[in-house]
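Reminder, nothing fancy here: chain letters follow the sequence lines and each chain counts from 1. The structure displayed is predicted, hence computed values, not measured ones. Computation of the quantities below employed the complete heavy-atom set of this structure, encompassing side-chain atoms and omitting hydrogens, waters and symmetry-equivalent molecules.
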Amino acid sequence: MADISVILPDGSERTLPVGATAADLAADIGPRLAKAALVAAVDGTELDLSALLADGQQVAIITADSDAGLVALRHSTAHVLAQAVLDMYPGATYAIGPPIDDGFYYDFDLPNGATISDDDLAAIESRMREIIAADQPFERHEVSAAEGLALFADHPYKREIIETVAMVPESDGAGQPDGELAEEVAGDGRISYYRNSDSFIDLCRGPHVPSTGRLGHFKLMSTAGAYWRRDAGRPSLQRIYGTAWGSRQDLAAHLHRLAEAEKRDHRRLARELDLVSWPTELGPGLAVWHPKGAVVRRIIEDYSRHRHDEGGYEFVFSPHLARSELWQTSGHLDFYEESMYPAMELDGASYYPKPMNCPFHMLIYKSSQRSYRDLPIRMFELGTVYRYELSGAVHGLMRSRGFTQDDSHIFATREQAPAEIAALVAFVLSVLRAFGFNSFEARLATRPPEKSVGEDAEWDLATEALRDALVAAELDFELDGGGGAFYGPKIDIDVRDAIGRSWQLSTLQVDFQLPERFGLEYVGSDGKRHRPVIIHRALMGSIERFFGVLIEHYEGAFPAWLAPVQAAVLPVAATHGDYAAQVEARLKQDGFRVQVVDAQEPLGRRIRAAKLQKLPYVLVVGDDDVAHATVGVNARGTDAPQRDVPLTDFAAQLAQEVATHS
RNA sequence: GCCCGAGUAGCUCAGUCGGCAGAGCAGCUGUCUUGUAAACAGCCGGUCGCAGGUUCGAUUCCUGUCUCGGGCUCCA
């Protein structure tokens with residue numbers, strides 16, 4: 001028998017008999033790989049392990065160690081989910097079930113409007129485990145679209161996928177019709193499906209793992225409603241989310257990460273640490289700040305003001321309402337009205353709560369004649385805005401309906417703009433770093449295809465200036481085509497928190513439109529009038545969201561400079577109360593936030609309460625301390641207390657920590 | 001806004017197959033006077049989210065509504 005030769009990823013060649021499959025190759029390389037193999041990449045295309053190999057092909061065996069392997073594994077697990085659900089709910093039909101980050105989902109339409117609740121997931125999971133234990137093979141078949149329609153005669157969503165994707169000429173929109181659906185079939189007017197038992201087939205482009213026995217490290221997570229093809233006008237489906245991994249350890253690690261995230265949930269910590277609350281009387285997305293939350297907010301805002309002072313910004317204030325004429329001029333009523341609170345009619349005029357601060361700053365600019373010598377003008381305002389967010393989108397402090405932006409508008413000449421933008425990016429990163437964020441991701445958002453104003457040339461110019469600034473700041477970024485605001489392109493900067501999640505905070509937007517709409521001018525050195533450029537910028541984004549992110553980043557254990565209470569002073573017994581009061585007075589004199597908890601309750605209990613509040617320091621004072629002007633120091637995160645620390649030493653150390661934000 | 005789910009004491013939750021609800025923690029009072037993560041006792045506390053309906057009777061069943069959670073969409 002003749003042989004074929006294939007090339008492995010390391011460049012080596014391997015000789016196999018004609019008719020060998022990728023699975024044979026894996027087995028030839030070694031038994032461990034054969035066992036771990038899930039799919040193969042042949043000349044860059046991912047295929048089932050059953051794929052026949054040909055002479056000269058580049059072949060890589062893919063395992064769950066790679067993203068591609070996990071994708072195949074998750075996609076295959078989604079199929080098993082569909083098999084289980086169709087089996088358990090007679091009359092149910094299935095839509096799509098793609099792999100996603102960390103797992104997969106599958107959408108179902110159940111007969112008679114039945115729903116699946118979280119309680120049903122355990123039963124479905126058991127059925128899935130039976131299917132996995134049966135080690136059913138995933139067999140690939142290809143048929144014509146017409147045959148496919150017959151095969152899935154009872155499943156309208158599958159038929160629609162075939163009609164939408166397989167029966168549309170490839171040239172039509174160049175793969176645009178629906179990328180989500182394209183995953184489900186083979187293309188080229190033919191469709192592929194997988195059979196893993198007599199009773200179950202599913203439309204799928206593949207590849208899949210060889211058999212259900214390769215799966216198993218999964219968990220069904222939640223149910224949700226979702227529209228067929230994301231269209232609110234289409235039927236609503238039951239979606240089941242799951243997570244799937246290559247090993248028990250990976251699954252456990254993932255579940256652990258979720259538990260960690262849950263522990264950090266700012267909504268829970270905000271309540272436990274008495275920072276903010278959301279009284280239902282206020283309505284969705286509206287919070288009140290309690291004294292301890294307000295302490296942190298003041299520090300955040302004061303620090304922001306301090307940095308803006310240093311950065312050459314001028315502070316301004318503006319009211320929360322303005323007549324409709326302003327929003328007409330700014331364009332908000334044309335482009336943003338659905339996100340605005342409705343108008344209040346008053347004295348024959350319509351007053352809208354402000355969704356943005358920009359128009360006010362435009363008017364401040366316009367209040368006097370400006371010279372090129374005045375530019376750039378950098379205005380700063382902690383401006384509270386109101387946006388009518390969709391009720392389902394509101395989420396704690398992260399997405400509110402009333403929030404305060406650390407907003408600035410820089411008015412510059414076109415020549416100044418690039419340097420201003422570059423300096424601004426550096427300024428933004430510097431401030432974010434001061435709060436303990438060290439990892440960033442940026443997006444450069446370009447002109448939206450609809451709902452935007454202005455000349456292409458201006459958009460291009462502005463987009464280039466933003467790109468240059470990102471490059472200069474050595475910030476990695478990705479392109480968000482069409483993601484810009486209606487008036488100009490923008491950079492969004494996300495921070496990564498302590499457990500690797502990213503949050504959008506900063507946004508930096510170039511605007512040629514508002515100067516036009518408001519007729520802003522400056523007199524140039526040539527004595528003629530010119531239009532300035534505006535750079536909008538929110539650095540923390542909103543104080544509310546920023547605080548929410550800080551809470552989750554630090555898990556409520558704020559560094560000393562931010563902590564609402566920096567130290568509690570606990571007298572061992574009532575007789576040490578006077579000394580505790582002296583310690584408190586001394587530390588307060590130094591500007592520290594300190595609280596005495598007197599000896600009404602046992603020391604252990606008071607220690608516990610203070611630790612649960614995540615205070616940076618708990619100071620215990622007893623006889624020895626009274627005698628020697630010392631304190632017992634319990635630093636957060638340490639087990640053993642430090643005894644007999646001179647009070648002056650402690651104060652110096654705390655001062656150092658506050659100064660360095662450590 | 002739409003889909004799914006949930007609302008019981010300040011918090012975490014139990015319970016009532018329809019007969020006006022219970023625990024722990026927290027809070028208050030008293031006793032205890034404490035050297036490193038929960039002293040002891042007592043007390044207070046809920047028109048069971050809200051409004052209708054069904055019923056002799058509704059926290060429980062039904063309808064509507066509000067709020068919250070998950071998702072879709074969107075975003076600072």
Taking 4.0 Å as the cut-off, does a side-chain nitrogen or oxygen of A:Y105 come that near to OP1 or OP2 on B:C72? no

Using only side-chain N and O atoms of A:Q504, determine if any of them is under 4.0 Å from OP1 or OP2 of B:A76. yes

Footprint string (nucleotides 46-51 of chain B, 5' to 3'): B base within contact, S backbone only, - free, heavy atoms under 4.0 Å: ------

Quick tally for nucleotides 26-42 of chain B: nucleotides whose base has a protein heavy atom under 4.0 Å get B, sugar-phosphate-only ones S, the rest -, giving S-----BBBBBBBB---

So which protein N/O to nucleotides 7-14 of chain B N/O distances come out below 3.5 Å?
| unit_1 | atom_1 | unit_2 | atom_2 | d |
| --- | --- | --- | --- | --- |
| B:U12 | OP1 | A:R271 | NH2 | 3.1 |

Checking [X] now: which residues fulfil ring pair (Phe, Tyr, Trp, His ring centres under 6.0 Å) with it, not counting sequence neighbours?
X	value
A:F104	none
A:Y617	A:F650
A:Y388	A:Y341
A:W278	none

Side-chain donor or acceptor of A:E381 paired with backbone N/O of A:S318 under 3.5 Å: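 Side chain of A:E381 to backbone of A:S318, a donor-acceptor pair under 3.5 Å: yes, one is there.
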
Between A:D406 and A:G541 (side chain of the first, backbone of the second, donor and acceptor by atom type, cut-off under 3.5 Å), is there such a pair?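 Checking the backbone N and O of A:G541 against the side chain of A:D406, a donor-acceptor pair under 3.5 Å is found.
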
B:A76 base stacked by A:F403 (centroids within less than 5.5 Å, tilt under 30°): yes

Under 4.0 Å between any heavy atoms, over every strand shown, what does [X] touch: base, sugar-phosphate, or nothing? Just pick one.
X	value
A:F547	nothing
A:F546	nothing
A:S400	base

Parsed dot-bracket for RNA chain B after applying the Watson-Crick and G-U rules with both distances under 3.5 Å and | for other-strand partners is (((((((..((((.....[..)))).(((((.......))))).....(((((..]....))))))))))))....

For residues 599-616 of chain A, pull every pair meeting side-chain hydrogen bond (donor to acceptor under 3.5 Å, both in side chains), keeping only residues two or more places apart or in separate chains. A:E601-A:R605

With a 3.5 Å cut-off and no angle check, do the side chains of A:R545 and A:S400 form a donor-acceptor pair? no

Figure out the [atom1]/[atom2] separation between [X] and [N], and round it to whole Å.
X	N	atom1	atom2	value
A:L505	B:C75	CG	P	16 Å
A:Q238	B:C72	CD	P	15 Å
A:L110	B:C4	CG	C1'	12 Å

Lys/Arg N to Asp/Glu carboxylate O, A:E555 vs A:R268, below 4.0 Å: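 No, no charged N to carboxylate O under 4.0 Å.
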
Which residues share a side chain to side chain contact (heavy atoms under 4.5 Å, CB included) with A:D109, sequence neighbours left out: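 Partners of A:D109 by the side chain to side chain contact (heavy atoms under 4.5 Å, CB included) criterion, ordered by chain and then number, come out as A:T93, A:Y157, A:L237.
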
Please list each protein N or O that sits under 3.5 Å from an N or O in nucleotides 63-69 of chain B, with the distance.
| unit_1 | atom_1 | unit_2 | atom_2 | d |
| --- | --- | --- | --- | --- |
| B:G69 | OP1 | A:R267 | NH1 | 2.9 |

Heavy-atom count around A:R257 CZ within 6.0 Å, excluding the residue itself: above 12?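 Atom CZ in A:R257 is crowded, with more than 12 foreign heavy atoms closer than 6.0 Å.
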
Using the salt bridge (charged side-chain N to carboxylate O under 4.0 Å, His left out) rule, collect all pairs that involve residues 95-108 of chain A, keeping only residues at least two apart or in two chains.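 Non-adjacent pairs meeting salt bridge (charged side-chain N to carboxylate O under 4.0 Å, His left out): A:D107-A:R239.
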
